[in-house]
Amino acid sequence: MAKSELAWICGIVPKATNQRIVALCKELNVSVGLPKTVFRFPLHISLKKSFQTVDFEKVREDLSVLVKAHGPLECVTGKLVVHRNMIWLPVQKTVSVNAFHNAIDQLLLEKYGIPLDRFDRDFNPHVSLFTSGKPEQIQEMFSLLREEPEGLESLRMTINRFVIGASGHRDVFYEV
């Protein structure tokens, strides 16, 4: 019997935008001291809640075909928010962003029986900036980021790179 593993798919924030956001976050974080764990992997937008699969290679192949068919994903960032003690940079829910997400959900549900999670039913695309720290540190960083004159709102991005990964493949991510 095949072993189940946790899989995911995300869109990678373009390099120049990634560098701009990370540089700003690291600069402001000098006085706050939040963990920098989110910056070990390129910033990204999760396009589906992580899900269990017993046939990752087939899922990866099908998701790769879907991503190539949908082409680049045009995104615009919204206003920073604090969500459950994390700082998120929301991505506007446009017709194309929702269609991309829904196509992934539909493929995985119809072909593999992977159910929709609460995250999928109430899809809130975002880039996670800080995911851990004391509540007062999160609030302080949130305030600093919101005060920046060259803030992070209304950034236009074209997502051209997508990554598919699974727990059984450790740090090997498959780029589409």
Side-chain angles (χ1 to χ4, degrees), residues 5-52 72-102 104-105 108 114-167 170-171 173 175:
E5 57 186 317
L6 190 65
W8 59 87
I9 178 170
C10 58
I12 303 296
V13 170
K15 187 175 183 176
T17 305
N18 186 88
Q19 289 172 335
R20 175 182 172 190
I21 293 170
V22 170
L24 176 61
C25 287
K26 286 183 175 181
E27 177 186 333
L28 295 175
N29 194 27
V30 169
S31 65
V32 179
L34 285 167
K36 300 174 198 159
T37 55
V38 295
F39 304 123
R40 291 187 186 143
F41 184 77
L43 296 176
H44 60 278
I45 302 166
S46 295
L47 295 169
K48 165 98 177 127
K49 172 75 173 162
S50 299
F51 56 93
Q52 292 291 326
L73 184 60
E74 299 295 330
C75 301
V76 179
T77 60
K79 287 184 153 193
L80 285 168
V81 297
V82 174
H83 176 77
R84 297 182 182 170
N85 204 47
M86 297 179 284
I87 299 175
W88 282 3
L89 178 58
V91 172
Q92 294 176 11
K93 288 170 59 169
T94 61
V95 170
S96 63
V97 170
N98 282 335
F100 202 99
H101 168 74
N102 291 339
I104 292 168
D105 281 345
L108 294 173
I114 296 169
L116 299 183
D117 183 89
R118 186 177 67 183
F119 172 88
D120 298 313
R121 285 192 283 285
D122 185 24
F123 183 53
N124 289 299
H126 64 276
V127 177
S128 296
L129 300 181
F130 292 96
T131 58
S132 61
K134 296 176 184 170
E136 57 272 12
Q137 290 174 300
I138 293 289
Q139 285 301 320
E140 183 179 352
M141 178 57 75
F142 177 70
S143 295
L144 290 172
L145 286 167
R146 294 291 310 270
E147 292 170 7
E148 271 302 302
E150 297 294 320
L152 303 176
E153 290 178 28
S154 302
L155 296 177
R156 294 192 175 281
M157 302 183 279
T158 301
I159 306 291
N160 289 308
R161 294 175 50 219
F162 298 85
V163 173
I164 303 167
S167 58
R170 301 229 180 250
D171 293 331
F173 306 107
E175 188 172 322

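Below, all heavy atoms of this structure are taken into account, side chains as well, without hydrogens, waters or symmetry copies.
- Asn160 contributes no side-chain N or O that, together with a main-chain N or O of Pro72, makes up a donor-acceptor pair within less than 3.5 Å.
- With values rounded to the nearest 0.5 angstrom, Lys93 atom NZ is found 5.5 Å from Asn98 atom CG.
- Counting heavy atoms from C-beta on, the side chains of Leu116 and Lys48 come closer than 4.5 Å.
- In this view, Trp8 satisfies the side-chain hydrogen bond (donor to acceptor under 3.5 Å, both in side chains) rule with no residue, not counting sequence neighbours.
- Considering SG of Cys25 and CZ of Arg20, their distance stands at 11.0 Å, rounded to 0.5 Å.
- No side-chain heavy atom of Val163 sits less than 4.5 Å from a side-chain heavy atom of Ile9.
- Atom-to-atom distance recorded for Glu27:CD and Leu144:CG is 10.0 Å, nearest 0.5 angstrom.
- Without hydrogens or angle criteria, Asn124 side chain to Asp122 main chain gives a donor-acceptor distance under 3.5 Å.
- With sequence neighbours left out, the side-chain hydrogen bond (donor to acceptor under 3.5 Å, both in side chains) criterion links Ser50 to no other residue.
- Of all the heavy atoms in Val97 and Pro125, the pair that sits closest is CG1-CG, 3.9 Å.
- Leu43 CG to His126 NE2: the interatomic distance, rounded to the nearest 0.5 Å, is 11.0 Å.
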Yes or no on side-chain contact (heavy atoms from CB on, under 4.5 Å) for Asn29 and Met141, after CA distance, side-chain angles and deciding distance? CA-CA 7 Å; Asn29 194 27; Met141 178 57 75; 3.4 Å; yes

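- Legend: residues meeting side-chain hydrogen bond (donor to acceptor under 3.5 Å, both in side chains) with His101, ordered by chain and number and at least two apart, are Asp105.
- Under the 4.5 Å side-chain criterion, counting only non-hydrogen atoms from C-beta, Leu80 is in contact with Leu129.
- Counting only heavy atoms from C-beta outward, the side chains of Pro90 and Val81 approach each other to under 4.5 Å.
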Walk me through it: do Leu24 and Glu150 pass the test side-chain contact (heavy atoms from CB on, under 4.5 Å)? CA-CA 10 Å; Leu24 176 61; Glu150 297 294 320; over 6 Å; no

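- One N or O on the side chain of Gln137 and one on the backbone of Val32 form a donor-acceptor pair closer than 3.5 Å.
- Between the side chain of Ser46 and the main chain of Cys10, no donor-acceptor pair closer than 3.5 Å is present.
- Under a cut-off of 6.0 angstrom, the local environment of NZ in Lys79 is sparse, with at most 12 non-hydrogen atoms contributed by other residues, nucleotides or ligands.
- Between Phe100 and Phe162, the distance from one ring center to the other falls under 6.0 angstrom.
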Worked check of side-chain contact (heavy atoms from CB on, under 4.5 Å) between Val91 and Val76: CA-CA 6 Å; Val91 172; Val76 179; over 6 Å; no

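- At least one donor-acceptor pair closer than 3.5 Å links the side chain of Asp120 to the backbone N or O of Asp117.
- Partners of Glu175 by side-chain hydrogen bond (donor to acceptor under 3.5 Å, both in side chains), not counting sequence neighbours, listed by chain and number: Arg161.
- Legend: residues meeting side-chain contact (heavy atoms from CB on, under 4.5 Å) with Arg84, ordered by chain and number and at least two apart, are Met86, Arg118.
- Counting only heavy atoms from C-beta outward, the side chains of Phe142 and Trp88 never approach each other to under 4.5 Å.
- Side-chain atoms of Ile45 and Leu47, non-hydrogen and from C-beta on, do get closer than 4.5 Å to each other.
- By the side-chain contact (heavy atoms from CB on, under 4.5 Å) test, Pro14 is found to be paired with Thr17, Met157, Ile159, residues two or more places apart in sequence or in another chain being considered.
- Scanning both residues, Leu34 and Gly133, for their nearest heavy atoms gives CD2-CA, 3.7 Å.
- Side chain of Thr77 to main chain of Leu152: a donor-acceptor pair is present (N/O by atom type, distance under 3.5 Å, no hydrogens or angles).
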Applying side-chain contact (heavy atoms from CB on, under 4.5 Å) to Leu73 and Thr158, what does each step give before you reach the verdict? CA-CA 6 Å; Leu73 184 60; Thr158 301; over 6 Å; no

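- Ring centroid separation for the pair Phe119 and Phe51 does not come in under the 6.0 Å cut-off.
- The NE2 atom of His83 lies 12.0 Å from the OG1 atom of Thr131; values are rounded to the nearest 0.5 Å.
- Side chains of Ile21 and Leu155 form a contact here, defined as non-hydrogen atoms less than 4.5 Å apart.
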In sequence, state the C-alpha distance, the side-chain angles, and the governing distance for Phe173 and Phe41, and then conclude on ring pair (Phe, Tyr, Trp, His ring centres under 6.0 Å). CA-CA 11 Å; Phe173 306 107; Phe41 184 77; 4.9 Å; yes

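- Taking both residues in full, the closest heavy atoms of Ser167 and Glu5 are given as OG-CB, 3.4 Å, listed atom of the first, atom of the second, then distance.
- Once rounded to the nearest 0.5 Å, the distance linking CD1 of Ile114 with CG of Leu108 reads 4.5 Å.
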